[in-house]
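Some notes on the structure that comes next.
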Amino acid sequence: MPELPEVETIVRDLNPHLSGQVIAEVRHLNPAVLRHPSADLFVPAITGQRASSIRRRGKFIQIALGSGELLVVHLGMTGTLTMEPSGATLRPHTHLRLGLDSGIELRYRDPRRFGRVLLGELSTLEALGVMPRLGAEPLSPGFVDGTPDQVLKLAHRPVKAVLLDQAVIAGCGNIYADEALWAARVHYDQPTSTLSRPRAKTLLAEVRLVLGKALAEGGTSFDAQYVNVNGASGYFSHSLNVYGQQGNACPRCGRPIVREQFMNRSSHFCEHCQAFRSA
DNA sequence: CCCCTATCCTGAGGGC
DNA sequence: TGCCCTCAGGATAGGG
C-alpha cells in the first residue's frame, strides 16, 4: 500500500523516464478514475504536452506539464504506475495509458480503484477541493522541530488519528504510523494531550526515521500490491516490527504483538512497551 | 463544528 | 479440491 516511501520511490524512478518526454497519445482512459476534469476535456488538455518535473507531495504524484497544469495521481490502496513498452501485455484494471514519444508507455493500474487522477493548475485543484491541502513533509529538514506545535494543538484527538491526518503530516499511513508509535513507545489511542513536548518530538522523529528507512529499502510490498515503475517489490516488509506481526514476539520485550481495530483499520502494538501513559 | 462511521472496490487467503 | 466468506484501508461524504 503506497505511503510516502513507496510514492517517493516511484517518483524517483519515474523522473529519468518521463522528464522531457512528450505525451503523444492517451490510449486508454477509464473515466471512473478521473476526478477532474471530465474525460472529454482531459484528453485534449494532456495530448501533446511535455512532462517536466515529477514531484511528490504527501502521497500525491504531481507531474508538471508544459501547459502549466499538473497531472496528479494518487495511488490509493492498490494503484501502480509502470513504464512499459507500448506492446506489452495489458493487465486487467489498467485505467490509463500515456504513450510517450520514446515509444514507452506510462501505465496506471488500480484493481481496487481507491486511487484517482486529476489534471489542472494546482490552485484550481485546491480550490475545487479535489486536491486537499496537506501538512508537513516528514522528510523535510524542519519537520521534527517545526511540527510538535501543530500536533499538540490537537490535544483531545487520539495520537494515531493525528499521525494519519494528511492535513497535519503528509504521507504517513497505517503501516508507518504503527511502526513509529512502537518505536516511540506510545499507545495509539492516547489523547495527544498526554504527550509532553519532548515525547511528541520523539514521536515525530520516529515518523521521519521509519519513513526514511523504508525509502532506503524501496518501500513495503505485500503480495506485490505495491511495485515500483519497473514492477519490482520493495524490501521493507522484512523490517516491520509490529505491522502484520500480531502473535509474534515484540522485538524489544518478547511479549506478543497485539492487533486491535481503531478508526476502521487495524492497529498493531505491544501492550507492554506501549502502555497508555503520560509524560 | 467536530468527530465518528459507513462506503467505495477487488483479490487474496483461510476454513470447511 | 473448490467454494464462499472475510478482510485489507485512503479519503471523503454524511450523520449524530
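Note on naming: letters A, B, ... go to the chains in the order of the sequence lines (proteins, then strands), and numbering restarts at 1 for each one. Computed from a predicted model, the values in this text were never measured in an experiment.
Of all heavy-atom pairs between A/N30 and A/R113, the closest is ND2-CD, 4.3 Å.
To the nearest 0.5 angstrom, A/F60 atom CZ is 12.0 Å from A/L70 atom CG.
When the C1' atom of B/dC2 is taken as reference, atom CZ of A/R157 falls 9 Å away, rounded to whole Å. Atom pair A/Q246:CD and B/dG14:P shows a separation of 12 Å (rounding to whole Å applied). Put simply, CE on A/M263 is 15 Å from P on C/dA8, counting in whole angstrom units. In this structure, the CD atom of A/E126 is 15 Å from the P atom of C/dA11, given to the nearest Å. Distance, A/Q261 CD to B/dA6 C1': 14 Å, rounded to whole Å. Between the CG atom of A/L240 and the C1' atom of C/dA8 there is a distance of 15 Å, given to the nearest Å. Per the geometry, NZ belonging to A/K59 stands 9 Å off C1' belonging to C/dG9, to the nearest Å. Distance, A/D110 CG to B/dG11 C1': 12 Å, rounded to whole Å.
Within 4.0 Å (heavy atoms only), A/F262 reaches no atom of the nucleic acid at all. Looking at heavy-atom distances under 4.0 Å, A/N264 makes contact with a base.
Once the 5.5 Å centre distance and the 30° plane angle are applied, the aromatic ring of A/F114 is found stacked with the base of C/dG9.
Using a 4.0 Å cut-off between charged side-chain N and carboxylate O, A/R97 and A/E25 make no salt bridge.
Within the structure, a side-chain polar atom (N or O) of A/R113 is placed less than 4.0 Å from OP1 or OP2 of B/dT10. Using a 4.0 Å cut-off, no side-chain N or O of A/R112 falls inside it from OP1 or OP2 of B/dC8. Between A/H93 and B/dG11 there is a side-chain N or O to OP1 or OP2 distance below 4.0 Å. A sub-4.0 Å separation between OP1 or OP2 of C/dG10 and a side-chain N or O of A/Q166 is absent. Between A/Y243 and C/dA8, a side-chain N or O to OP1/OP2 separation shorter than 4.0 Å is absent. Side-chain N/O atoms of A/T78 include none lying less than 4.0 angstrom from OP1 or OP2 on B/dG11. In terms of phosphate contacts, A/R259 brings a side-chain nitrogen or oxygen within less than 4.0 Å of OP1 or OP2 of C/dA8. Using a 4.0 Å cut-off, no side-chain N or O of A/H74 falls inside it from OP1 or OP2 of C/dG10.
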Could you please spell out the steps behind the side-chain contact (heavy atoms from CB on, under 4.5 Å) verdict for A/L29 and A/V43? CA-CA 9 Å; A/L29 175 63; A/V43 176; 4.1 Å; yes
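Hydrophobic clustering of Ile, Leu, Val, Met, Phe, Trp and Tyr side chains at less than 4.5 Å, counting indirect connections, keeps A/I10 apart from A/L118.
Proximity note for A/P111 (side chain, C-beta onward) versus C/dT12, B/dT10, C/dG9: the nearest is B/dT10.
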